[in-house]
2 protein chains.
Amino acid sequence: MPKLVDHEERRAQIIDALLRVAADTGLHAVTMRSVAVEAGISVRLVQYYFDTKEQLLLAALDRLAARMGERVRDRVRRAGSSPAPRDIVEAVLLEAVPTDEESRTFHLVYTEYAVLSVTDPALGGRPFLAAPDEMEEFLVAQLTTAQRAGDADPELDARQEAVVLLAVSAGLGLSVLLGQRTAGDAAAVLHYHLGRLFPSR
Amino acid sequence: MPKLVDHEERRAQIIDALLRVAADTGLHAVTMRSVAVEAGISVRLVQYYFDTKEQLLLAALDRLAARMGERVRDRVRRAGSSPAPRDIVEAVLLEAVPTDEESRTFHLVYTEYAVLSVTDPALGGRPFLAAPDEMEEFLVAQLTTAQRAGDADPELDARQEAVVLLAVSAGLGLSVLLGQRTAGDAAAVLHYHLGRLFPSR
DNA sequence: TCTTTTATGGTACAACCATACCATCTTGGT
DNA sequence: ACCAAGATGGTATGGTTGTACCATAAAAGA
């Protein structure tokens with residue numbers, strides 16, 4: 001065997017190029033050529049590591065979803081020393097608001113994929129379903145914990161409130177992406193809403 | 001002068017064809033040819049009524065935004081006989097949840113445009129800004145009215161709550177579009193949340 | 001009836017796209 | 001030292017897209 005190239009590393013490098021292209025010229029501008037140019041390699045190589053464009057797009061989506069999962073888990077872990085449900089919930093939901101550049105890229109491209117999946121059958125079953133469901137269960141658990149601990153009104157319907165929380169963070173994140181609101185404003189609104197859910201005492 | 005053709009009607013017919021194509025094969029599948037086929041006319045005619053593709057897309061976006069404005073105003077008018085702010089707010093926000101097929105088409109295509117506008121400079125300034133701002137002011141007004149009438153907790157920050165409402169309805173609408181939730185569920189969640197904002201007594 | 005304007009069809013063209021194919025280095029094993 | 005296999009470059013091909021161009025039918029005004 002010849003040259004020794006780490007395939008996974010190469011693939012990651014190409015996918016990162018794709019994400020950069022998608023983030024600043026749109027998912028529709030992602031072509032074999034544009035990705036190759038952005039990655040600084042030849043088109044042939046993109047073909048070599050991802051046989052077809054569809055496979056390239058699917059691989060990029062997988063990486064995106066995995067990376068976003070990591071980011072959320074990191075947030076939970078970092079806020080995990082103080083086990084107050086309110087802090088955990090706020091940390092997790094804040095991940096939906098694009099603050100740093102990486103976050104913005106991820107959410108923009110992810111949203112582009114999500115919208116595309118509505119009409120493109122090839123993206124049909126993808127992780128657009130699983131992740132939100134997990135998240136909903138997680139939020140329900142946190143809310144009921146808080147209720148039992150007396151940190152949240154026991155009259156609340158935890159499941160409905162969880163769905164509201166998910167919708168709020170998605171809506172705020174989208175408005176930030178569209179440039180209607182700054183990330184700071186969105187974070188403040190989220191903070192306010194959580195303040196109503198978890199009365200300080 | 002010859003044949004007598006109502007230009008506006010023709011243009012509307014073509015734009016409707018575009019919306020149908022965009023709604024069931026995606027905005028990326030909107031091409032001069034696909035629109036012409038869907039409208040049952042020749043490509044040349046599409047060129048004739050909209051000189052360039054960009055102008056066609058912009059005209060379609062304008063029509064879309066206008067039509068959505070109409071729908072919201074209709075809702076307000078229909079719920080307007082009983083002037084309870086809560087009913088008005090619920091009616092308006094429910095418009096963001098795609099129930100009937102026309103509503104689904106509109107919101108899907110509108111969302112596709114909105115996401116596209118992030119990366120496409122030609123869609124830069126468009127109505128993605130104006131409409132939400134108007135809406136925010138409207139909601140603030142309704143909330144403060146309700147507070148003065150004793151129908152809502154005067155402790156609430158009307159502006160923050162308005163932003164939350166906007167985010168909730170956008171988030172719920174998106175989740176319905178993505179097939180994560182039914183329109184009925186989304187409406188129920190919205191109803192629940194409004195129930196918390198406007199205590200029955 | 002003739003002409004001028006409008007509405008339409010068809011086609012050609014240059015650019016771009018995904019992909020298939022052919023060739024050429026490079027290097028690990030023998 | 002050689003060779004087989006992996007890694008890469010270049011190019012050809014068939015299809016699609018937006019748009020420009022050339023034609024013609026139709027009908028309103030003279």
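Reminder, nothing fancy here: chain letters follow the sequence lines and each chain counts from 1.
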Does the D:dA20 base have a donor-acceptor partner in the side chain of B:Q47 within less than 3.5 Å? yes

Using whole Å, report how far CD1 of B:I41 lies from C1' of C:dA7. 11 Å

Could you tell me the separation between the CG atom of B:L57 and the P atom of D:dT17, rounded to a whole number of Å? 14 Å

Does a donor on one side chain sit under 3.5 Å from an acceptor on the other, for B:Q13 and B:R10? yes

Report yes if a side-chain nitrogen or oxygen of A:T31 is closer than 4.0 Å to either non-bridging phosphate oxygen (OP1 or OP2) of C:dA18; otherwise report no. yes

Can you check the B:L56 CG to D:dT17 P distance for me, whole Å? 14 Å

N/O donor-acceptor pair, side chain A:R44 with base D:dA7, under 3.5 angstrom: no

What is the separation between atom CZ on B:F50 and atom P on C:dA7, rounded to the nearest whole Å? 14 Å

Looking at A:E137, I want to see if its CD is surrounded by more than 12 non-hydrogen atoms of other residues, nucleotides or ligands under 6.0 Å. yes

Please give, in whole Å, the distance from C:dT19 C1' to A:E54 CD? 14 Å

Are A:Q180 and B:D133 close enough that some pair of their side-chain heavy atoms sits under 4.5 Å apart? no

Whole angstroms only, please: what is the CD-P distance between A:E9 and D:dA7? 13 Å

Checking all strands, does B:Y49 fall into the base, sugar-phosphate, or nothing category for heavy-atom contacts under 4.0 angstrom? sugar-phosphate

For the side chain of A:Y48, starting at C-beta, report the closest nucleotide among D:dT8, C:dT8, D:dG9. D:dT8

Short side-chain donor-acceptor distance under 3.5 Å, A:E90 and A:H191: yes

Can you tell me if the side-chain N/O atoms of A:T52 get under 4.0 Å from OP1 or OP2 in C:dT19? yes

So which heavy atom on A:S103 is nearest to which on A:P98, and how close? OG-CA, 3.3 Å

In whole angstrom, what separates B:R33's CZ from D:dA20's P? 14 Å

Expressed in angstrom and rounded to an integer, what is the separation of B:H7 atom NE2 from C:dT5 atom P? 15 Å

